[in-house]
Chemist: 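If you scroll down you'll find the structure; I have some questions about it.
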Amino acid sequence: MLAEIRKVVARIPKGKVATYGQVAEVAGFEGAARQVAWALHNNSRGIPWHRVLGAGGAIRLPGENGLEQRIRLKSEGVVFRGEKVDLTKSGWQPGAKQTTVKKSPASSKRASRT
DNA sequence: ACTGTGACGGGGC
DNA sequence: CGCCCCGCCACAG
């Protein structure tokens with residue numbers, strides 16, 4: 001599954017970010033946000049791990065790594081809102097075209113939550 | 001085989 | 001807004 005997770009993370013366009021839960025869902029491991037974090041933690045080499053954030057766009061990465069991530073994201077043009085990222089602007093939409101941004105193509109309804 | 005832990009997530013207080 | 005609890009899945013001891 002590392003391949004799946006890495007695959008999804010690799011699909012995140014520059015300047016945008018995705019949450020662990022989102023990556024997990026897209027990868028097919030809905031609800032397995034921890035596995036995504038685990039995957040990155042154990043195998044973050046070769047993938048834009050810095051584009052993966054926690055719920056709400058919060059960097060759940062402690063230490064210098066977190067600072068590194070934050071810097072890299074800002075460098076890519078990610079809109080930061082305080083200590084977090086503005087998912088409303090830099091939130092990655094899986095499947096959507098970051099260059100065409102027509103409208104909501106598929107947009108799976110997360111009726112399973114709230 | 002069991003228990004503990006984690007770059008998580010959401011709800012409750 | 002911060003802290004606690006429960007649920008989640010996979011890995012390590």
Chemist: Restricting to non-hydrogen atoms, name the atom on Leu53(A) and the atom on Gln69(A) that form the minimum distance, rounded to 0.1 Å.
Modeler: CD2-NE2, 3.5 Å
Chemist: Could you tell me how far apart Asn43(A) (CG) and dC11(C) (P) are, to the nearest whole angstrom?
Modeler: 12 Å
Chemist: Please give, in whole Å, the distance from dT5(B) P to Gln35(A) CD?
Modeler: 17 Å
Chemist: Got a donor-acceptor contact below 3.5 angstrom from the Arg51(A) side chain to the Ile12(A) backbone?
Modeler: yes
Chemist: Could you give the CG-to-C1' distance, from Asn65(A) to dA7(B), as a whole number of Å?
Modeler: 9 Å
Chemist: Let me know the distance between CG of Leu2(A) and P of dG6(B), rounded to the nearest Å.
Modeler: 19 Å
Chemist: Heavy atoms from C-beta onward define the side chain here; which of dC9(C), dA7(B), dG9(B) lies closest to that of Ala55(A)?
Modeler: dG9(B)
Chemist: Could you tell me how far apart Glu30(A) (CD) and dA10(C) (C1') are, to the nearest whole angstrom?
Modeler: 17 Å
Chemist: When only distance counts, do a donor and an acceptor, one from the side chain of Arg60(A) and one from the base of dC8(B), lie under 3.5 Å apart?
Modeler: no
Chemist: Determine, for Glu83(A) against Arg70(A), whether the closest basic-nitrogen to carboxylate-oxygen distance falls under 4.0 angstrom.
Modeler: yes
Chemist: Between Asn42(A) (CG) and dA7(B) (P), how many Å, whole number?
Modeler: 10 Å
Chemist: Starting from C1' on dC11(C), measure out to CZ on Phe29(A) and report it in whole angstrom.
Modeler: 15 Å
Chemist: Among dA10(C), dC9(C), dA7(B), which nucleotide has an atom closest to any side-chain atom of Trp38(A)?
Modeler: dA10(C)
Chemist: Nearest whole Å is fine: how far is dC9(C) P from Arg34(A) CZ?
Modeler: 10 Å
Chemist: Carefully, step by step, assess Lys16(A) and Glu76(A) under the rule side chain to side chain contact (heavy atoms under 4.5 Å, CB included).
Modeler: CA-CA 8 Å; Lys16(A) 291 211 172 180; Glu76(A) 293 191 345; over 6 Å; no
Chemist: The side chain of Met1(A) lies closest to which of these nucleotides: dA7(B), dC11(C), dC8(B)?
Modeler: dC11(C)
Chemist: For dG9(B), does the base pair up with any side-chain atom of Gln22(A) as donor and acceptor (N or O, under 3.5 Å, distance only)?
Modeler: no
